Student: 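One structure, pasted below without further comment.
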Amino acid sequence: MLDPKLLRSDPELVADNLKTRNFSLDVGTLQALEEKRKKVQTRTEDLQRERNSRSKAIGKAKAQGEDIQPLLDSVEKMGQELSSAEAELSAIQEEISGIMLTLPNMVHESVPPGKDEADNILVRTVGDVPDFDFDPRDHVDLASVNGLMDFKAGAALAGSRFVVMKGEIARLHRALVQLMLDTQTGENGYTEINVPHLVNANTLQGTGQLPKFEEDLFKLEGDFGFYMIPTSEVPVTNTVAGQMLAADSLPLKYTCHSVCFRSEAGAYGKDTRGMIRQHQFEKVEMVQIVRAEQSYDALEQMTLHAESILKKLGLAYRVVVLCGGDIGFGAAKTYDIEVWLPGQNAYREISSCSNCVDFQARRMQARIKNPDTGKTEFVHTLNGSGLAVGRTLVAVLENYQQADGSVLVPEALQPYMHGQQVILEVAA
RNA sequence: GGAGAGGUGUCCGAGUGGUCGAAGGAGCCAGCCUGGAAAGUUGGUAUACGGUUCACACCGUAUCGAGGGUUCGAAUCCCUCUCUCUCCGCCA
């Protein structure tokens, strides 16, 4: 959520900023609502004050054994007026907060303007794109041998955009999870955390998926009000919701392996082949809760933490900073990491690292007491993939393939593969 | 699933209709004390919103798990929900 004070005091500044992400803020409507709110609130509070003071007088009079009937009569008439003022006020406030919840975050000044991903700015390119002396296959062709990656089976069990993995592929997938968790915990200073895969609406509102993006989520039927998490960013970040954190407990750095569920509404016909875009996929996430003044440094570090996995795996990638038109709802600045996929002859997103500044913290009411000023302030939250496991699997298969269709196991993964150096070998 | 007990400020904890934003304690901050510290001692220490103000600040309103109700007045009474704990049942 945006700072309501800023929105009130300088709506043009906010509107200008949101223009960067092609969001048009209706300043006039908002200001009119605000003005009305102010008027009704003042009137309501005046009435409340009057009622309170008369009620106190009644209490006093009664204690002294006086006749309170005249006082009762005088206050009774206020009741109607007060309750209608209160109703009007809460209706206006509800309307305002409804709008506030749908406003995206303001972007950092370094975020480039732009319409879509074509306008993202390249930050750096790392590693060499492999040069094959044969026509490289994509991961579907490579791993479908013996049905080790079986989309038909997935479709039969659930529908399109599901997969069944077996044998060496399933193990490689698990090995990637292990490598990622071990790296983030052992080298990058994260604490491993394991969280619910089902959450309630309030939690999703805290991180910004609700109320605006419900169609992207899977919601469970029944009275529980459960949604399946689209990313563990949601439950992990919300572990600090509603808390007054000790300032010296920050930064909090969590890494979490989870399954993620996305409806992929609006992605019809996009990435229909293979494991790039599934309804269910696994991800190792990084989440940081930091002091405000540290969040942009933390974003740089977190991006490097994501990159550290790609470096270990020897995969070529590039880092881009998302332009205003491509950046997510809650983020103030986002780096995407794109890995080279020979099967697509293109770089494809494998991680997204965002600084949400105080946007989520304000929604969640996650705060610290600043020890220097004594003031309460919101923490800053960051999240990033470290990495998307399914897409990393795709990248390993496609980048390490050999002419005969077998795939070399990157050295960093071999300890997790019982020392196995090659998979998908065709029996001679 | 059944029975019971609870949810109060940063934390612990008192408070069953009125002067309670809330006793007391811990923590934290400041003053005194001290060569310095500890101890002691005095004071301060919630959040949000609104109003007045250049500002310091002051005033008002709301907030005792959440929402509704009763009442002139609710932390306190009633209803619904929710979470935690204990016991029983069931269960990976």
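Sequence lines set the chain letters: A, B, ... in the order given, protein chains first and strands last, and positions in each chain run from 1. Keep in mind the model is a prediction, meaning the values are calculated, not measured.
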Student: B:U42 and B:A48: how far apart are their C1' atoms, nearest whole angstrom?
Tutor: 31 Å
Student: Please set out all donor-acceptor pairs under 3.5 angstrom arising from side-chain atoms of residues 191-199 of chain A, sequence neighbours excluded.
Tutor:
| from | atom 1 | to | atom 2 | distance (Å) |
| --- | --- | --- | --- | --- |
| A:H197 | ND1 | A:V195 | O | 3.3 |
| A:H197 | NE2 | A:V259 | N | 3.1 |

Student: Short question: side chain of A:S385, backbone of A:E285 - any donor-acceptor pair under 3.5 Å?
Tutor: no
Student: Name the residue closer to the 5' end of RNA chain B, choosing between A:D3 and A:Q48 according to the nucleotide with the nearest heavy atom.
Tutor: A:D3
Student: I need the CZ-P distance between A:R367 and B:U10, as an integer number of Å.
Tutor: 8 Å
Student: Mind checking what makes salt bridge (Lys or Arg N to Asp or Glu O under 4.0 Å) contact with A:D46, not counting sequence neighbours?
Tutor: A:R49
Student: Between the side-chain atoms of A:E45 and the base atoms of B:G50, is any donor-acceptor pair under 3.5 Å?
Tutor: no
Student: Walk along nucleotides 63-85 of chain B from 5' to 3' and tag each nucleotide B, S or - by protein heavy-atom contact under 4.0 Å, base first, then sugar-phosphate.
Tutor: ---------BS------------
Student: For RNA chain B, please output the secondary structure as dot-bracket, reading 5' to 3'. Pairs are Watson-Crick or G-U wobble, both atom distances under 3.5 Å; mark crossing pairs with [ ], other-strand partners with |, unpaired with a dot.
Tutor: ((((((((.[[[..)..(.....]]]((((((.......))))))(((((((....))))))).[[[[[..)....]]]]])))))))....
Student: Starting at CD1 of A:I96 and ending at C1' of B:A48, how long is that distance when rounded to a whole Å?
Tutor: 14 Å
Student: Can you tell me how far P of B:U61 sits from CZ of A:R43, to the nearest Å?
Tutor: 17 Å
Student: For atom C1', what is the distance between B:A14 and B:U8, given to the nearest Å?
Tutor: 10 Å
Student: Go nucleotide by nucleotide along RNA chain B from the 5' end; which of A:P4 and A:S53 gets its closest nucleotide reached first?
Tutor: A:P4
Student: Closer than 4.0 angstrom, basic N to acidic O: yes or no for A:E264 and A:R277?
Tutor: yes
Student: Taking only residues two or more places apart in sequence or in another chain, which ones pass side chain to side chain contact (heavy atoms under 4.5 Å, CB included) with A:T102?
Tutor: A:P211, A:K212
Student: I'd like the C1' distance from B:G35 over to B:C28, given in whole Å.
Tutor: 26 Å
Student: For B:G9 and B:C64, measure between their C1' atoms and round to the nearest Å.
Tutor: 9 Å
Student: For residues 166-175 of chain A, which side-chain donor-acceptor pairs fall under 3.5 Å, sequence neighbours excluded?
Tutor:
| from | atom 1 | to | atom 2 | distance (Å) |
| --- | --- | --- | --- | --- |
| A:E168 | OE1 | A:L424 | N | 2.8 |
| A:E168 | OE2 | A:Q420 | NE2 | 2.6 |
| A:R171 | NH1 | A:Q420 | OE1 | 3.4 |

Student: When rounded to the nearest Å, what value does the distance between C1' atoms of B:U41 and B:U47 take?
Tutor: 31 Å
Student: I'd like to know if A:D358 pairs up with A:R362 as an ion pair, taking the criterion as any Lys NZ or Arg NE/NH1/NH2 lying under 4.0 Å from an Asp or Glu carboxylate oxygen.
Tutor: yes
Student: Salt bridge (Lys or Arg N to Asp or Glu O under 4.0 Å) with A:E282: which residues, sequence neighbours excluded?
Tutor: none
Student: Could you please spell out the steps behind the side-chain contact (heavy atoms from CB on, under 4.5 Å) verdict for A:L397 and A:I423?
Tutor: CA-CA 9 Å; A:L397 292 174; A:I423 58 168; 4.2 Å; yes
Student: Kindly give the atom pairs (protein nitrogen or oxygen, nucleotide nitrogen or oxygen) under 3.5 Å for nucleotides 43-46 of chain B.
Tutor:
| from | atom 1 | to | atom 2 | distance (Å) |
| --- | --- | --- | --- | --- |
| B:A46 | O3' | A:K369 | NZ | 3.2 |

Student: For A:K5 and B:G50, what is the distance between atoms NZ and C1' respectively, to the nearest whole Å?
Tutor: 11 Å
Student: To the nearest angstrom, how far is A:L71 atom CG from B:G18 atom P?
Tutor: 18 Å
Student: Anything under 30° is parallel, anything over 60° is perpendicular, the rest tilted; go ahead and classify A:Y296 against A:H108.
Tutor: tilted
Student: Pairs under 3.5 angstrom, nitrogen or oxygen only, protein versus nucleotides 51-58 of chain B, please.
Tutor:
| from | atom 1 | to | atom 2 | distance (Å) |
| --- | --- | --- | --- | --- |
| B:G51 | OP1 | A:K38 | NZ | 3.3 |

Student: Could I get the full list of salt bridge (Lys or Arg N to Asp or Glu O under 4.0 Å) partners for A:R348, not counting sequence neighbours?
Tutor: A:D271
Student: Specify the separation, in whole Å, of atom CD1 of A:I368 and atom C1' of B:C28.
Tutor: 15 Å
Student: Rounded to the Å, how far apart are A:D358 CG and B:A48 P?
Tutor: 13 Å
Student: Quick test of your reading of the model: are A:R273 and A:D141 salt-bridged, counting only N-O distances below 4.0 Å?
Tutor: yes
Student: Could you measure between the two P atoms, the one in B:C59 and the one in B:U45, and give it in whole Å?
Tutor: 13 Å
Student: Does a sphere of radius 6.0 Å around CD in A:E411 hold more than 12 heavy atoms from other residues, nucleotides or ligands, not counting ones at 6.0 Å or beyond?
Tutor: no
Student: Starting at atom CG of A:D248, determine the distance to atom P of B:G27, rounded to an integer number of angstrom.
Tutor: 16 Å
Student: Tell me the salt bridge (charged side-chain N to carboxylate O under 4.0 Å, His left out) pairs involving residues 28-41 of chain A, sequence neighbours left out?
Tutor: A:R8-A:E34, A:E34-A:R37
Student: With sequence neighbours excluded, what pairs up with A:E293 under the salt bridge (Lys or Arg N to Asp or Glu O under 4.0 Å) test?
Tutor: A:R291
